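For reference, the structure is listed below as structure tokens.
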Amino acid sequence: MHDDLGKSEAALVAARRENLAALRSRSGDPFAQTRYPVDTHTHELLAEYEILAPEEKAESKRWHLAGRLMSKRKMGKTIFADLHDRTGKMQLYVRKDEIGEDRFADFNDMDRGDIVGVHGFVFRSKLGELTLHVLDFVVLGKALAPLPDKWHGLQDVEKRYRQRYVDLIVNDDVRDTMILRSRIISGMRRFIDAQGFYEVETPTLLHVAGGAAARPFLTHVNALDEQLQLRIATELNLKRLIVGGMERVYEIGRIFRNEGIDTTHNPEFTMLELYCAYWDVHDMLAFNEALMEHLALEIAGGSTDLTVGDRTISFARPFARIGYLDGIAQYSDGKYTRQRLLDPDGAAAILRELGLPDSPTHGHALDKIFEHVLEPHLIQPTFVMDYPVLISPLAKKKNGDPELVDRYELFANCMELSNAFTELNDPDDQRARFEAQIAERAKGDAEIPEPDWDFVHALEYGMPPTAGIGIGIDRLVMLLTNQSSIRDVLLFPLQRSHG
RNA sequence: GCGCCUUUAGCUCAGUCGGUAGAGCAGCGGACUUUUAAUCCGUUGGUCCCGGGUUCAAGUCCCGGAGGGCGCACCA
């Protein structure tokens with residue numbers, strides 16, 4: 001990035017270097033500064049002095065504020081400027097007759113983007129804006145690269161993702177969304193921790209990536225000279241911990257799936273998985289419902305209604321419930337019956353009626369039918385209950401209805417938000433399910449993982465009845481922050497290595 | 001993988017029928033002691049994404065390629 005500047009950009013950088021040299025010769029090196037005694041932030045100051053009347057001064061109290069200089073308006077022997085910090089922005093005011101010729105020149109030699117610490121008092125300007133009257137300042141870092149347009153910011157989507165640091169500097173809403181993401185995750189942790197769960201970390205590098213259907217990334221460990229896979233779920237290891245007696249565990253961690261990249265998929269994404277011994281799927285549903293309402297209340301500031309696109313989605317409990325098979329039947333006017341859906345030929349026929357391509361497996365066909373028939377109707381938060389066992393290889397069968405499992409998925413805005421079930425703890429049944437998967441994999445479904453036989457062995461030591469849940473954090477954040485692309489809730493979405 | 005759109009100054013964007021590159025902001029110089037997209041005067045700045053082709057002449061038309069966005073397909 002240092003040798004290939006265009007002439008025009010090089011000239012802008014050169015001008016900034018001249019200003020840096022002038023600062024160095026007059027007042028010392030900005031890059032030699034190591035700290036600044038910041039004692040407030042812009043947002044706090046604006047709140048504290050809200051009552052000031054126009055042109056009123058609060059001279060007795062002096063403050064130290066630091067941040068990035070984002071605009072400068074010189075008016076002869078005074079300068080107005082805007083300082084941004086992580087809480088917002090505040091106007092600065094400097095007078096030549098107060099700080100002297102050299103320091104005024106220093107202030108004037110600062111460029112848009114420079115980092116500065118300012119000391120002074122608050123007043124309200126003639127036109128009504130709360131402003132820090134600067135009595136002293138220290139340049140704490142020089143920006144050599146020119147910033148994007150002060151009014152339009154950085155619009156180029158590619159540059160915004162590749163140079164997120166610039167995007168964050170000039171586009172306030174990006175920072176706001178990322179802060180919201182942070183708050184959603186910490187709010188989630190607090191809610192979960194309050195119920196006695198242990199947060200754990202399980203390996204990312206695995207010999208066999210299991211617990212979901214997805215193609216894994218491959219890597220290699222030199223010390224062992226072995227090929228390893230990056231995890232596609234945390235499920236199997238977390239259940240090993242339940243076997244081990246930890247009873248309540250969760251992990252918020254990065255998952256890797258070597259598949260498509262689009263507005264709802266990034267190759268690495270963040271998932272919460274949580275397991276609770278002695279709960280069943282109904283306990284988990286209640287927990288899930290309470291968690292979602294809690295997060296919505298925190299984000300929407302006391303309301304359970306969220307605006308998503310041009311819709312309002314209400315997270316007030318209780319959420320709607322619908323059966324997986326019942327729902328498909330209902331939204332097909334009774335045409336797609338349980339009997340047809342649970343029969344491989346019947347499901348294949350429905351696929352053709354819908355004009356969809358053939359699926360390699362029965363389970364795949366069911367997913368496609370669900371996606372086309374039921375999912376488009378799931379706008380308000382809805383628990384879809386009682387999934388067929390053939391698409392749920394790790395869930396416990398329903399007592400009295402062995403074709404179904406005790407499982408639900410929560411949908412909102414036609415998007416899956418969570419997936420939960422009563423965990424299968426019968427090792428013989430689990431072994432049989434894995435063996436059935438080997439057959440499906442042989443039919444050409446490359447996303448079905450190799451069985452993790454040690455997991456079956458773990459179950460042989462005895463696992464208490466347990467409920468588990470997985471929540472895709474990125475998609476949840478998309479919903480809660482009203483973003484339509486996953487890239488806009490990721491600080492550094494994956495881009496091709498060219499730019 | 002397929003389709004549509006897009007790429008012009010540091011940034012945001014114009015660029016007509018093919019006639020030889022424009023604006024605003026930023027920068028630089030100047031005026032200005034309560035401005036706020038400050039204002040006013042002057043001014044620098046271009047690999048028109050890359051490579052071919054057609055043409056007297058290509059930012060513009062044609063072909064190929066690259067990056068990016070969106071949609072479809074794929075993706076529990």
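Within every chain, numbering begins at 1; the chains are lettered A, B, ... in the order of the sequence lines, protein sequences first and strands thereafter. Bear in mind the structure is a predicted one, so any value in this text is a computation, not a measurement.
- Heavy atoms of A:A15 sit under 4.0 angstrom from primed sugar atoms or phosphate atoms, though from no base atom.
- Residues A:F411 and A:F370 place their aromatic rings such that the two centres sit under 6.0 Å apart.
- No contact: A:L147 has no heavy atom under 4.0 Å from any strand.
- Ion pairing between a basic and an acidic side chain is recognised when a charged N comes within 4.0 Å of a carboxylate O; A:R340 and A:E353 show such pairing.
- In this structure, A:R124 atom CZ and B:U34 atom C1' are separated by 14 Å, rounded to whole Å.
- Whole-Å rounding puts the A:F411 CZ to B:A76 P distance at 12 Å.
- A salt bridge links A:R338 with A:E403: the distance from a Lys NZ or Arg NE/NH1/NH2 to an Asp or Glu carboxylate oxygen falls below 4.0 Å.
- Here B:U33 is the nucleotide among B:C74, B:U35, B:U33 with the atom lying nearest to any side-chain atom of A:T78.
- A:E55 comes within 4.0 angstrom of nothing in the nucleic acid, heavy atoms only.
- Taking atom C1' in both B:G69 and B:U60, one finds a spacing of 23 Å when rounded to whole Å.
- Other residues, nucleotides and ligands place more than 12 heavy atoms under 6.0 Å from the CD atom of A:E435.
- Contact between the side-chain N/O atoms of A:R496 and the OP1/OP2 oxygens of B:G68 is found at a separation under 4.0 Å.
- Minimum atom distance to the side chain of A:L12 is reached by B:G10, of the listed B:G68, B:G10, B:C11.
- Contact annotation: A:N19 reaches the phosphate of B:C28 (side-chain N/O to OP1 or OP2, under 4.0 Å).
- Straight-line distance from the CZ atom of A:R73 to the P atom of B:A31: 20 Å, rounded to whole Å.
- With hydrogens and angles left out, the side-chain atoms of A:E423 and A:T466 include no donor and acceptor closer than 3.5 Å.
- Residue A:Y161 places its side chain closer to B:G69 than to any other of B:A76, B:G69, B:G27.
- Distance, A:M385 CE to B:A76 P: 22 Å, rounded to whole Å.
- Look at the P atom in both B:G65 and B:G24: the space between them is 40 Å, to the nearest Å.
- Nucleotides B:G18 and B:C13 are separated by 23 Å at their C1' atoms, to the nearest Å.
- Counting any heavy atom pair closer than 4.0 Å across all strands shown, A:P393 reaches a base atom.
- Taking atom NZ on A:K126 and atom P on B:U36, their separation rounds to 12 Å, with Å as the unit.
- In this structure, the CG atom of A:L390 is 12 Å from the C1' atom of B:A76, given to the nearest Å.
- Nucleic acid contact class of A:T263 (heavy atoms, under 4.0 Å, all strands): sugar-phosphate only.
- For A:I486 against A:N266, the heavy-atom pair with the smallest separation is CD1-N, 4.1 Å.
- Taking only side-chain nitrogens and oxygens, A:K159 never comes nearer than 4.0 Å to OP1 or OP2 of B:U7.
- Taking the ring centre of A:F104 as origin, the terminal cationic atom of A:R95 falls outside the region bounded by 6.0 Å and 45° from the ring axis.
- Salt-bridge formation is detected for the pair A:R231/A:E251: a Lys NZ or Arg NE/NH1/NH2 atom is positioned less than 4.0 Å from an Asp or Glu carboxylate oxygen.
- In this entry the distance linking CZ of A:F421 with P of B:A76 reads 14 Å, nearest Å.
- Remark: RNA chain B forms stems of 3 or more consecutive Watson-Crick or G-U wobble pairs, all pair distances under 3.5 Å, at B:1-7 with B:66-72, B:10-13 with B:22-25, B:27-31 with B:39-43, B:49-53 with B:61-65.
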Residue pair A:F107, A:F137: steps toward the ring pair (Phe, Tyr, Trp, His ring centres under 6.0 Å) verdict: CA-CA 8 Å; A:F107 201 94; A:F137 67 95; 5.0 Å; yes
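- Only A:F80, A:Q91, A:Y93, A:R95, A:D97, listed by number, bring a heavy atom of residues 79-107 of chain A to less than 4.0 angstrom from any atom of RNA chain B.
- When each of B:U12, B:C70, B:G67 is scored by its nearest atom to the side-chain atoms of A:D149, the top-ranked nucleotide is B:U12.
- A cation-pi arrangement is found for A:R407 relative to A:Y387, the charged atom lying closer than 6.0 Å to the ring centre and inside a 45° cone about the ring normal.
- Of the candidate nucleotides B:U12, B:C32, B:A37, B:C32 has the atom lying nearest to any side-chain atom of A:K74.
- Nucleotides B:U6 and B:C50 place their C1' atoms 16 Å apart, quoted to the nearest Å.
- For the pair A:K77 and A:G260, nearest-nucleotide mapping onto RNA chain B gives the more 5' position to A:K77.
- Taking 3.5 Å as the limit, the base of B:U35 and the side chain of A:S125 contain a donor-acceptor pair of atoms between them.
- Nucleic acid contact for A:G363: none, since no nucleic acid atom lies under 4.0 Å from a heavy atom of the residue.
- Using a 4.0 Å heavy-atom cutoff across all strands shown, A:R487 reaches sugar-phosphate atoms only and no base atom.
- Mapped onto RNA chain B by nearest heavy atom, A:R16 and A:N419 fall at different nucleotides, with A:R16 at the one closer to the 5' end.
- Residue A:N266 is classed as having no contact, given no heavy-atom separation below 4.0 Å to the nucleic acid.
- A:F123 comes within 4.0 angstrom of a base, heavy atoms only.
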Given the rule in the side chain to side chain contact (heavy atoms under 4.5 Å, CB included) test, do A:R475 and A:T264 qualify, once you have shown the distances and angles that lead to the verdict? CA-CA 7 Å; A:R475 291 186 189 175; A:T264 54; 4.1 Å; yes
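- For A:E129 against B:U36, a side-chain-to-base donor-acceptor contact under 3.5 Å is present.
- If you check distances only, the side chain of A:S8 never reaches the base of B:G46 with a donor-acceptor pair under 3.5 Å.
- The same atom, P, is picked in B:C62 and in B:C74; the two are 33 Å apart, to the nearest Å.
- Remark: the separation of the C1' atoms in B:G53 and B:G67 is 23 Å, to the nearest Å.
- Checked against A:D82 for a side chain to side chain donor-acceptor pair (under 3.5 Å), the options A:K89, A:K72, A:R73, A:R112 give a single hit: A:R73.
- Comparing B:U7 with B:U39, their P atoms sit 29 Å apart, to the nearest whole Å.
- For the C1' atom pair drawn from B:A21 and B:G15, the interatomic distance equals 8 Å after rounding to whole Å.
- One atom, CD of A:Q495, and another, P of B:A66, lie 16 Å apart when rounded to the nearest Å.
- Taking the six-membered ring for Trp, A:F123 and A:Y93 have ring centres closer than 6.0 Å.
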